[in-house]
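Note: hydrogens, waters and symmetry copies are ignored here, and every other heavy atom, side chains too, is used. Source: prediction; values computed, not measured.
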Amino acid sequence: MKNIKYLVFGCSGSIGLQISKKINNKNTLFLSRTKPKNLNISNWKRFDLKKKITKLPEKVEKIYFLASPYYVIKNFNKKKFYYEYIWLKKIINNVQTKSFIYFSSSSVYLKNHPLGHTKLLCEKLLLNSKIEFIQIWRPFNIIGFPNYKNLSDHFHNLLIKNFIKQKKKSHEFLGSENDRRGYSTAKKFAEKVIGFSKKKTSFIYNYGNTDTINIKQIVLIFLKLFNKKYKKSIKVTFKNKRKNVNIVNTIKKIKTIKSNENSKNILKNYFVKLI
């Protein structure tokens with residue numbers, strides 16, 4: 001533990017995997033509930049933040065905090081997501097650090113969103129702490145390649161869950177086919193985070209893509225690949241006609257770091273890999 005300079009909590013998720021690949025392995029302790037796949041690291045430790053914190057360094061240079069309850073429908077209440085606030089408080093009270101990199105969410109901009117509510121509490125907790133440098137990222141629609149068994153309930157994964165895992169022939173989704181999203185890769189986001197984490201500065205930044213795609217286009221990309229693979233037809237419908245625009249360029253008060261990637265290509269590559 002003497003040589004540990006950095007801690008990465010939640011290294012097994014989509015963003016956590018990419019962050020971990022870009023950090024000095026010898027000086028970092030990687031922590032998560034499940035062992036990361038496709039990640040060659042020596043200093044990994046199974047760690048459950050629900051339990052009492054033991055065997056962690058008392059002082060490190062930098063902490064990356066990505067630990068959060070799974071983003072799935074069954075967790076969609078304030079009580080479930082509030083665990084993250086409790087976990088974060090434990091770390092702040094038990095480990096001293098000069099720099100803290102926290103991964104918040106674009107859900108902070110949504111009214112009465114259970115995850116957004118907790119993320120704002122976590123941000124406030126950090127900002128009121130005595131940590132010298134605090135970097136808070138609010139990412140929009142980041143896509144990586146997680147464990148196929150533990151997909152989130154974001155729309156692009158619901159297509160996989162409903163039509164490939166559950167083998168449904170039709171499904172009606174919440175929202176509108178005209179909802180718009182701008183997608184970015186976890187890999188490029190991680191590169192930007194690591195670059196900024198080397199700076200001795202504090203900030204709250206949005207991260208996202210202004211190159212957008214609507215839900216109908218996402219469905220068409222999925223259907224084309226699905227039909228090619230399974231030779232089957234499926235039906236996708238939506239409950240709402242009123243569109244919801246969740247894209248980074250609608251937020252003006254917080255500085256935005258843009259990914260400038262191609263959303264269509266990102267979704268296509270993602271579906272090709274999982275289908």
Straight-line distance of [X] [atom1] to [Y] [atom2], nearest 0.5 Å:
X: Leu127; Y: Tyr102; atom1: CG; atom2: OH; value: 11.0 Å
X: Lys119; Y: Ser106; atom1: NZ; atom2: OG; value: 10.5 Å
X: Phe196; Y: Thr201; atom1: CZ; atom2: OG1; value: 9.0 Å

When the ring centroid of Phe76 is compared with that of Tyr71, is the distance short of 6.0 Å? yes
[X] and [Y]: side chain donor to acceptor below 3.5 Å:
X: Glu123; Y: Ser104; result: yes
X: Trp44; Y: Ser32; result: yes
X: Tyr64; Y: Ser197; result: yes

Which of these passes ring pair (Phe, Tyr, Trp, His ring centres under 6.0 Å) with Trp137: Phe100, Phe189, Phe65? Phe189
Under 6.0 Å from the six-membered ring centre of Tyr83 and within 45° of its axis: does the NZ or CZ of Arg33 meet both? no
Within 6.0 Å of CD in Glu58, more than 12 heavy atoms from elsewhere: no
More than 12 heavy atoms of other groups within 6.0 Å of Lys168 NZ: yes
How are the rings of Tyr270 and His156 set to each other: parallel, tilted or perpendicular (split at 30° and 60°)? perpendicular
Lys/Arg-Asp/Glu bridge criterion (N-O < 4.0 Å) met for Lys74, Asp153: no
